[in-house]
Peer 1: 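Have a look at the structure that comes next, please.
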There are 2 protein chains.
Amino acid sequence: MATARDVARKAGTSTAVVSYVFNNGPRGVAPATRQRVLAAARELGYRPNALARSLSSGRTRSIGLIVPDICNPYFAELARAIEDAAGTTGNLLLIADSALSADQERRHTRSLIDRQVDSVVLVSVRDEPDLREFFDAGVPVVALHPLSDRRLASSITIDYEAAAQRATEHLLAHGHRSVVLLNGPVESTGARQHRAGFDRAVAGAPGVRSRMVRSEISRHHAAEVAQELLQGPDRPRAVYCTTDEQAFGVLYAAHRSGLSVPADLAVVGFDGTRNCLVSIPALTTVQQPMEAMARRVVEILADRTVLEEPVHEVLGFEFIARDSSGGPAPG
Amino acid sequence: MATARDVARKAGTSTAVVSYVFNNGPRGVAPATRQRVLAAARELGYRPNALARSLSSGRTRSIGLIVPDICNPYFAELARAIEDAAGTTGNLLLIADSALSADQERRHTRSLIDRQVDSVVLVSVRDEPDLREFFDAGVPVVALHPLSDRRLASSITIDYEAAAQRATEHLLAHGHRSVVLLNGPVESTGARQHRAGFDRAVAGAPGVRSRMVRSEISRHHAAEVAQELLQGPDRPRAVYCTTDEQAFGVLYAAHRSGLSVPADLAVVGFDGTRNCLVSIPALTTVQQPMEAMARRVVEILADRTVLEEPVHEVLGFEFIARDSSGGPAPG
DNA sequence: TTGTAGGCGTTATCAC
DNA sequence: GTGATAACGCCTACAA
């Protein structure tokens with residue numbers, strides 16, 4: 001592999017000038033010299049060594065993305081959106097999959113810090129991720145969900161409480177008197193907000209029976225939980241799920257239980273993955289503004305002051321009524 | 001951030017010894033010295049700088065994984081399996097998503113080479129990926145599909161032709177006389193193998209009408225293509241799809257067309273993603289041996305001689321008959 | 001405008 | 001068993 005020294009020698013100049021050419025600075029280079037350098041580099045097939053460059057400059061031009069479960073299309077789509085938003089800048093997005101394991105998330109946290117990513121986009125499996133570690137290492141973090149501690153990292157999220165309330169009211173407006181909240185597996189800031197919104201909607205509709213059930217954020221586990229729910233006593237008439245994947249699990253469970261959606265059971269999801277459009281039936285959901293989130297994430301991380309002054313933004317969501325809940329509510 | 005120099009100073013020794021301690025070699029260290037070094041490191045919160053380490057050692061302890069589409073669960077599950085297989089070795093898996101774009105794949109190729117990943121696992125969107133680039137850079141590659149040029153990289157795959165034949169024969173055994181092969185979007189070694197297996201099966205069943213249709217490897221595009229197929233003249237009775245995602249698109253199209261699966265249309269997929277178990281109806285498919293592939297990939301890449309002597313392995317697959325094709329064939 | 005040289009933090013060779 | 005010290009390849013302050 002050719003090095004800057006080789007190029008300099010061939011172009012009859014110094015490594016400093018080669019560096020100036022390839023970085024467009026910090027010093028200017030005479031046009032003729034620049035041409036000689038570029039020609040030499042092309043001939044030798046020179047490519048700057050990213051490792052050496054990073055070691056020297058202190059920047060790796062890479063962004064870490066930690067997601068709870070890459071097999072969940074929401075996170076895959078999120079990764080795609082972030083890469084699209086960041087891609088043009090020559091930054092590499094390192095996707096780290098926690099596989100729904102807090103331990104794995106911890107390992108990735110270490111690993112990304114050790115590899116000195118310039119910044120991190122985090123979707124945690126825990127309510128209290130290791131923000132301190134990132135902070136101490138000088139790595140700015142933007143979380144894509146509500147945070148219990150807002151001092152060590154930034155966040156971009158939607159108002160889960162408002163979204164949950166909107167979704168639940170939709171189900172109630174369809175006249176359903178027995179509703180279930182299918183929440184995430186553990187207590188967390190986000191889970192609490194879902195519950196608060198759900199409860200508030202129910203409180204506004206006298207005589208409605210409601211309860212909360214928990215499940216992993218996976219189609220399979222949600223299907224199991226839902227199966228039990230649907231075949232047990234006091235079968236609910238409607239379910240609000242805190243992720244699309246859980247909702248798909250519920251659709252499957254309904255199918256297996258011989259129930260028709262939405263005739264026997266109304267289902268609403270949350271995330272707005274593309275699969276909602278091709279599920280059977282099409283899924284009513286809360287659409288997260290993935291592209292806007294991705295854009296803002298990249299913008300925020302480009303501003304190096306966020307480490308000291310975290311930013312917290314709440315973006316708008318869109319509620320989309322489709323077949324799985326019987327379409328738009330009457331009235 | 002504390003450096004090895006700081007640790008050495010505090011422990012009253014040299015950076016060389018610190019290095020020996022943290023790498024368990026290549027020289028031994030006296031027990032007492034080792035303890036002093038470890039104590040000093042702990043006190044200072046020392047963590048070796050991965051960049052400097054890589055620059056010096058020439059190894060980054062990272063594996064690049066290039067997938068065509070991270071939003072396709074098959075590739076996400078593959079990533080998970082590879083990470084599981086490699087994870088224990090302290091290696092980081094860098095997941096690069098080509099987003100079904102050859103340009104993007106090219107960019108990732110460059111990027112991973114520049115970042116000096118130790119090796120690459122490749123699932124290409126093209127029939128002729130840039131194997132030469134990797135080879136010239138000294139980066140061993142294992143592809144997880146058949147390769148048109150087997151000299152520059154290794155491959156681990158299943159026998160697509162045999163699998164396609166098996167799947168098609170299954171459909172024919174159910175008595176269907178009009179079958180369609182829903183293949184990938186472009187001609188490629190893999191696509192040719194699927195077609196060969198499909199054709200061979202059809203050739204063995206006189207009087208069967210067959211044709212091939214192409215679609216992107218995505219649920220949505222497959223749904224569009226299938227919609228046209230199912231509502232056009234001479235509607236097929238059975239479809240063999242070269243990926244599960246395409247098959248799910250066909251299921252959706254059938255649903256939209258008012259057709260019942262498998263009563264009106266039999267569908268078979270390929271990949272064996274977990275979603276096959278919770279689709280409506282459950283999907284008959286060719287199960288790829290993901291865990292075994294992942295294990296072999298990691299083993300092969302651990303053996304540094306593969307660069308000069310590529311290895312090509314064909315693993316076994318399993319055909320799994322489920323509801324979407326009417327279950328096991330009679331007889 | 002360009003060259004020299006020190007530094008980034010490790011690793012590993014070579015003496016002692 | 002351990003300590004200097006020269007790489008690894010690049011960046012950039014400083015000097016010219």
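Every chain is numbered from 1 and lettered A, B, ... according to where its sequence line falls, protein lines coming before strand lines.
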Peer 1: Looking at residues at least two apart in the chain, or sitting in another chain, which of them share a salt bridge (Lys or Arg N to Asp or Glu O under 4.0 Å) with B:R115?
Peer 2: none
Peer 1: Quick one: which residue pairs count as a salt bridge (charged side-chain N to carboxylate O under 4.0 Å, His left out) with a foot in residues 18-45 of chain A, not counting sequence neighbours?
Peer 2: A:K10-A:E43
Peer 1: Taking salt bridge (Lys or Arg N to Asp or Glu O under 4.0 Å) as the test, write out the residues that go with A:D69, two or more places apart.
Peer 2: B:R80
Peer 1: Taking only residues two or more places apart in sequence, or in another chain, which ones meet B:D303 in a salt bridge (Lys or Arg N to Asp or Glu O under 4.0 Å)?
Peer 2: none
Peer 1: Tabulate atom names and distances for all N/O pairs under 3.5 angstrom spanning the protein and nucleotides 3-5 of chain C.
Peer 2:
unit_1 : atom_1 : unit_2 : atom_2 : d
C:dG3  : OP2    : A:T13  : OG1    : 2.3
C:dG3  : OP2    : A:S14  : N      : 3.0
C:dG3  : OP2    : A:S14  : OG     : 3.3
C:dG3  : O6     : A:Y20  : OH     : 3.3

Peer 1: Name every residue in residues 47-56 of chain B that has at least one heavy atom under 4.0 Å from any atom of DNA chain C, in order of residue number, or write none if there are no such residues.
Peer 2: B:R47, B:P48, B:N49, B:A52, B:R53, B:S56
Peer 1: Between side-chain atoms of residues 99-108 of chain A and protein atoms elsewhere (two or more places apart, or another chain), which donor-acceptor pairs fall under 3.5 Å?
Peer 2:
unit_1 : atom_1 : unit_2 : atom_2 : d
A:S101 : OG     : A:D103 : N      : 3.2
A:S101 : OG     : A:Q104 : N      : 2.9
A:D103 : OD1    : A:R106 : NH1    : 2.6
A:Q104 : OE1    : A:R107 : NE     : 3.1
A:Q104 : OE1    : A:R107 : NH2    : 2.8
A:Q104 : NE2    : B:E83  : OE2    : 3.4
A:E105 : OE1    : A:S124 : OG     : 3.1
A:E105 : OE1    : A:V125 : N      : 2.7
A:E105 : OE2    : A:S124 : OG     : 2.8
A:E105 : OE2    : A:R126 : NE     : 3.4
A:E105 : OE2    : A:R126 : NH2    : 3.2
A:H108 : NE2    : A:D97  : O      : 3.0
A:H108 : NE2    : B:E83  : OE2    : 3.2

Peer 1: At the 4.0 Å heavy-atom cut-off to chain A, mark where contacts on DNA chain D begin and end, going 5' to 3'.
Peer 2: D:dG9 to D:dA13
Peer 1: If the condition is side-chain hydrogen bond (donor to acceptor under 3.5 Å, both in side chains), which residues does B:D271 pass it with, not counting sequence neighbours?
Peer 2: B:Q288
Peer 1: Pairs in or reaching into residues 46-79 of chain B: which pass ring-ring contact (aromatic ring centres under 6.0 Å, His included), with residues at least two apart or in two chains?
Peer 2: B:F22-B:Y46
Peer 1: Note down the inter-axis angle between the two ends of the helix from C:dT1-D:dA16 to C:dC16-D:dG1, five pairs each, to the nearest 10°.
Peer 2: 40°
Peer 1: Tell me, please, which residues at least two apart from B:E291 pass salt bridge (Lys or Arg N to Asp or Glu O under 4.0 Å).
Peer 2: none
